[in-house]
Protein chains: 2
Amino acid sequence: MPAEASRIAGEIDRKSGTPIYVQLREILRSYISASCKPGAALPSERDLSERFGLARMTVRQAIDALVGEEVIERVVGLGTFVRKPKLDLQVKLTSYSEEMQRRGMVPAAKVLSFEQIAASAFLARELQLEEGTPLVRFRRLLLADNEPMSVDENFIPAHRVPGLLDDAPPLRYTTF
Amino acid sequence: MPAEASRIAGEIDRKSGTPIYVQLREILRSYISASCKPGAALPSERDLSERFGLARMTVRQAIDALVGEEVIERVVGLGTFVRKPKLDLQVKLTSYSEEMQRRGMVPAAKVLSFEQIAASAFLARELQLEEGTPLVRFRRLLLADNEPMSVDENFIPAHRVPGLLDDAPPLRYTTF
DNA sequence: CAGTGGTCTAGACCACTTG
DNA sequence: AAGTGGTCTAGACCACTGA
């Protein structure tokens with residue numbers, strides 16, 4: 001059962017200069033973090049339109065933003081729901097470099113190496129492959145505003161990226 | 001000077017079942033990759049509305065998607081412009097796992113390890129640090145639809161992520 | 001000044017889900 | 001059948017940019 005729109009605190013100030021959908025977005029964000037658990041249903045878009053006196057398209061614009069942030073998700077025919085926050089310390093760091101790149105702060109990523117290797121025992125186990133299976137390894141230096149940010153190493157089963165290194169160089173085992 | 005909307009090939013099929021904004025998005029994508037250089041201006045939203053016989057909000061929905069993909073960008077008062085593509089083969093692969101995650105295809109990323117180490121000579125050189133500088137290293141197994149996708153290893157100078165591993169464990173040197 | 005993207009409205013029809 | 005999100009329309013006013 002969806003939440004009652006009337007239970008959401010906050011009002012829209014049409015003279016504030018702040019776009020209405022931004023105001024509503026923050027009202028919803030507060031409501032979610034204060035009163036919602038993962039899986040909880042938000043009021044329907046039409047209920048929110050009525051509650052705040054807005055066009056549904058404007059409500060959708062606010063919701064769009066939160067969906068983009070992966071705070072909530074929409075399910076057709078059902079409603080809009082609060083997602084599980086993935087705010088573990090490690091996961092937070094995990095997305096650090098990705099965030100930087102997504103925000104356009106890393107126009108540069110220097111490729112340090114790019115080659116085909118054979119899966120070590122460790123990698124084979126984790127990737128559920130046979131030891132020695134060809135992997136593509138590439139290392140990158142990620143830059144944020146021209147400053148070295150992190151070094152990134154990535155192993156992908158070669159069969160997932162066909163046609164890329166078909167001039168197969170001799171396999172070497174990795175130390176990892 | 002903005003491009004002439006009339007020079008854009010393609011038509012909207014209102015019976016196809018495919019959302020109009022998706023059709024227009026792909027028409028624009030083709031036009032951009034075939035006929036545009038970075039910095040080139042797209043026709044204005046109003047011109048596109050007229051050219052394809054659509055409401056401006058619908059045109060904006062198509063453009064929104066391409067802006068979200070960082071293919072184009074909007075500048076208030078000026079227009080919409082083609083961005084520099086970052087589409088090198090390696091970079092293309094580089095963004096593979098990131099793409100998967102962004103598209104929501106990787107709700108799971110298992111953290112294999114997470115620890116503090118000392119920068120090896122190689123890492124110190126690339127990150128412009130002194131050898132032995134504390135780094136945070138974490139390894140992740142990325143899953144796409146529950147299938148192992150790739151193994152990712154990341155090195156970040158510890159000073160960039162303060163307060164995370166302050167109970168500093170003894171430094172060990174990495175093999176890499 | 002005319003043109004641009006940014007925002008907003010008040011409707012509409014659709015496919016989809018659940019009772 | 002009733003409710004949901006998904007899509008679409010045809011307008012509107014705003015702040016901003018350039019000439």
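Throughout, a chain's letter reflects where its sequence line sits, starting with A, and its residues are numbered from 1.
The phosphate of dT9(C) has OP1 or OP2 within less than 4.0 Å of a side-chain N or O from Arg14(A). Using a 4.0 Å cut-off, no side-chain N or O of Thr80(B) falls inside it from OP1 or OP2 of dT4(C). Phosphate proximity of dT9(D) to Thr58(B): present, with a side-chain N or O under 4.0 Å from OP1 or OP2. For Ser44(A) and dT4(D), the shortest distance from a side-chain N or O to OP1 or OP2 is below 4.0 Å.
Look at CG on Leu48(B): it is 10 Å from P on dT4(C), rounded to the nearest Å. Rounding to whole angstrom units, CG of residue Leu42(B) and P of dG5(C) are separated by 9 Å. Going from atom CD of Gln61(B) over to atom P of dC8(D) covers 6 Å, rounded to whole Å. The separation between Arg60(A) atom CZ and dT4(D) atom P is 13 Å, rounded to whole Å. Atom CD in Glu4(A) sits about 13 Å away from atom P in dG3(D), given to the nearest Å. In this structure, the CD1 atom of Ile72(B) is 12 Å from the C1' atom of dG5(C), given to the nearest Å.
Here the side chains of Ile8(A) and Leu48(A) are in contact, with some heavy-atom distance below 4.5 Å. Counting heavy atoms from C-beta on, the side chains of Ile12(A) and Leu24(A) come closer than 4.5 Å. When side chains are defined from C-beta on, Cys36(A) counts as touching Tyr31(A), because their heavy atoms get closer than 4.5 Å. Contact check for Ile20(B) versus Phe52(B): no side-chain heavy atoms found under the 4.5 Å cut-off. Two residues are said to be in side-chain contact when any heavy atoms from C-beta on lie closer than 4.5 Å; Glu4(B) and Pro43(B) fail this criterion. Residues Leu135(A) and Gln116(A) form no side-chain contact, since every pair of their non-hydrogen atoms from C-beta on lies 4.5 Å or further apart. Counting only heavy atoms from C-beta outward, the side chains of Ser120(A) and Glu131(A) never approach each other to under 4.5 Å.
A salt bridge between Glu130(B) and Arg125(B) is absent, with no side-chain N of the basic residue lying under 4.0 Å from a carboxylate O of the acidic one.
Not counting sequence neighbours, Arg14(B) has no partner by the salt bridge (charged side-chain N to carboxylate O under 4.0 Å, His left out) test. By the side-chain hydrogen bond (donor to acceptor under 3.5 Å, both in side chains) test, Arg56(A) pairs with Glu45(A), sequence neighbours left out. With sequence neighbours excluded, the residues satisfying salt bridge (charged side-chain N to carboxylate O under 4.0 Å, His left out) with Glu26(B) are Arg29(B).
Summary of helix geometry: the two end axes of the helix from dG3(C)-dC16(D) to dT18(C)-dA1(D), each defined by five base pairs via their C1' atoms, are inclined to each other by 10° (rounded to 10°).
Candidate nucleotides dG5(C), dG5(D), dT9(D) were compared by shortest atom distance to the side chain of Glu45(B), and dG5(C) ranks first.
For the segment residues 16-29 of chain B, the set of residues with a heavy atom within less than 4.0 Å of an atom of DNA chain D comprises Pro19(B), Ile20(B), Tyr21(B), in numerical order.
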**Message:** I'd like to compare against my own output: the B/S/- annotation of nucleotides 10-19 of chain C with a strict under-4.0 Å heavy-atom distance to protein.
**Reply:** B-B---BSS-
